[in-house]
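Here the structure comes first, spelled out in structure tokens, and everything after it is commentary.
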2 protein chains.
Amino acid sequence: MIDVDHEDTILRSFILFVQTAYTILKYADAHLYRKARLSISKLVVMRAIASNNGVITPSELAEWTQTERHNITTVVERMKRDGLIRTERNPRDRRFVNVSLTDKGREVLMQAMPVAREIVDQVMSSISEDDAVLLEKSLSALRQSAHQGLEHVAKRSQP
Amino acid sequence: MIDVDHEDTILRSFILFVQTAYTILKYADAHLYRKARLSISKLVVMRAIASNNGVITPSELAEWTQTERHNITTVVERMKRDGLIRTERNPRDRRFVNVSLTDKGREVLMQAMPVAREIVDQVMSSISEDDAVLLEKSLSALRQSAHQGLEHVAKRSQP
DNA sequence: TATTGTTATACTCTATAACTATA
DNA sequence: TATAGTTATAGAGTATAACAATA
């Protein structure tokens with residue numbers, strides 16, 4: 001009986017987590033697009049460039065965003081089309097590409113940061129700092145166990 | 001100074017939440033696809049049908065999944081193509097469509113449920129039941145504030 | 001006129017596989 | 001041979017706008 005109750009609790013918690021994640025991401029995406037004409041992915045790329053002294057490689061972006069290199073190629077392509085970033089080969093080792101912000105990109109990033117701040121403040125307004133600290137503890141644990149699961153899936157998919 | 005520290009805490013918590021959500025959803029999607037050849041969206045639709053006495057309308061599905069009706073049309077189309085569900089007009093009011101599981105759909109759902117269970121157990125294995133209860137409290141608050149934000153965005157987009 | 005649902009269209013994001021260029 | 005990145009291709013998911021059918 002106790003085990004069944006425990007199962008119910010963790011299933012309910014998990015479903016609530018997924019629903020909450022979906023709602024938050026939907027809100028962040030909609031608000032960011034309405035106010036800054038930017039997707040979350042593009043903002044993350046721009047922040048990564050700015051945090052990396054203004055230059056970053058596609059491989060570093062792939063690691064930063066936890067995705068594959070070919071997915072970076074596509075988002076970089078779209079952002080070049082939008083005039084937000086530029087790319088150039090590294091002259092010392094022409095295998096590498098340097099991705100950097102254009103003037104327009106810097107301007108859009110500066111306009112987008114306060115919007116991102118609004119989103120964070122709106123979502124987090126409902127919990128206290130103490131609760132946020134407890135939340136971080138649980139989130140870290142969940143993230144690590146999901147990461148372990150992902151590695152297991154990846155290993156199983158190897159031939 | 002205290003305000004700045006508070007801002008730092010909530011920003012860090014928010015970023016951790018988004019990263020955790022991304023990792024969990026990626027793991028769930030990959031594991032579910034490898035083991036049951038199913039996407040999360042399709043599983044959610046099938047569970048919604050089963051939870052609704054075996055029949056549901058597209059509008060009810062849209063409410064269940066917090067999306068728009070035309071998005072239901074597309075996922076229903078794909079699931080019909082996969083042989084998982086069938087649709088028929090309601091003879092009493094031909095505006096309505098009844099969506100139900102096929103025999104294959106019921107079989108796939110029965111195979112997928114233990115896989116979903118594995119995903120939940122893997123992710124939630126890292127936290128205690130007490131922590132899960134605390135987590136639910138914070139998640140409910142976050143979800144509600146994000147929902148409020150979404151309504152605000154929607155209202156602002158009206159002419 | 002209101003409601004249910006679909007169609008047309010386009011864009012973002014992700015994934016697999018094969019490929020090029022450089023070292 | 002290994003590494004960085006791209007291309008080709010496909011599919012899922014979502015959004016806007018216009019539309020058809022039914023009540």
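Residue numbering restarts at 1 for every chain, and letters A, B, ... go by the order of the sequence lines. The structure presented is a predicted model; accordingly, all values stated were derived computationally and were not measured. Any value given below was found using the heavy atoms of this structure, including those in side chains, with hydrogens, waters and symmetry copies removed.
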Between the protein and nucleotides 19-23 of chain D, are there any N/O to N/O pairs under 3.5 Å, and if so, what are the atom names and distances?
unit_1 : atom_1 : unit_2 : atom_2 : d
D/dT22 : O3'    : B/R94  : N      : 3.4
D/dA23 : OP1    : B/R94  : N      : 2.9

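- Place B/T87 and B/D29 on DNA chain C by their nearest nucleotides, and B/T87 ends up nearer the 5' end.
- B/Y33 and B/M46 are assigned to two separate hydrophobic clusters, defined by single-linkage of ILVMFWY side chains at heavy-atom distances under 4.5 Å.
- At a threshold of 4.5 Å between non-hydrogen side-chain atoms, the residues A/S13 and B/E136 count as touching.
- By the salt bridge (charged side-chain N to carboxylate O under 4.0 Å, His left out) test, B/R95 is found to be paired with B/D93, residues two or more places apart in sequence or in another chain being considered.
- Chain B approaches DNA chain C over the interval C/dT3 to C/dT16, counting the first and last nucleotide 5' to 3' with an atom under 4.0 Å from its heavy atoms.
- Listed by chain and residue number, B/E107 satisfy the side chain to side chain contact (heavy atoms under 4.5 Å, CB included) test with B/Q111 (two or more places apart in sequence, or in another chain).
- Residue contacts shown for A/Y33 are absent, as no nucleic acid heavy atom lies under 4.0 Å away.
- Only one option out of A/V45, A/V97, A/T67, A/V99 pairs with A/I72 in a side-chain contact (heavy atoms from CB on, under 4.5 Å); it is A/T67.
- Within a 6.0 Å radius of NE2 in A/H147, other residues, nucleotides and ligands contribute 12 heavy atoms or fewer.
- No more than 12 heavy atoms of other residues, nucleotides or ligands sit less than 6.0 Å from atom CD of A/Q144.
- If you measure from atom OH of A/Y27 to atom C1' of D/dA15, you get 19 Å, rounded to the nearest angstrom.
- Heavy-atom distances under 4.0 Å link DNA chain C to B/T57, B/P58, B/S59 of residues 51-65 of chain B, given in residue order.
- Atoms CD1 (A/I72) and P (D/dT7) sit 15 Å apart, rounded to a whole Å.
- Residues A/L134 and A/I10 fall into different hydrophobic clusters, defined by Ile, Leu, Val, Met, Phe, Trp and Tyr side chains chained together at heavy-atom separations under 4.5 Å.
- B/K42 and B/D82 are joined by a salt bridge, as a carboxylate oxygen and a charged side-chain nitrogen come within less than 4.0 angstrom of each other.
- The cationic atom of B/R12 (NZ for Lys, CZ for Arg) does not lie both less than 6.0 Å from the six-membered ring centre of B/F14 and within 45° of the ring axis.
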I'd like a table of atom pairs between the protein and nucleotides 8-12 of chain D - only N or O on both sides, under 3.5 Å - with the distance next to each one.
unit_1 : atom_1 : unit_2 : atom_2 : d
D/dA12 : OP1    : B/R81  : NH2    : 3.2

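- Heavy-atom distances to DNA chain D give each of A/F96 and A/E77 a nearest nucleotide, and the one nearer the 5′ end belongs to A/F96.
- Both A/M113 and A/M124 sit in one connected hydrophobic cluster of ILVMFWY residues. Membership requires side-chain heavy atoms under 4.5 Å apart, directly or through other members.
- Note: CG (A/N71) to P (D/dA4) measures 17 Å, nearest angstrom.
- Relative to the six-membered ring of B/F96, B/R94 misses at least one condition, a distance below 6.0 Å or an angle of at most 45° to the axis.
- Classification of B/R106 and B/D103 as a salt-bridged pair holds, one side-chain N sitting under 4.0 Å from a carboxylate O.
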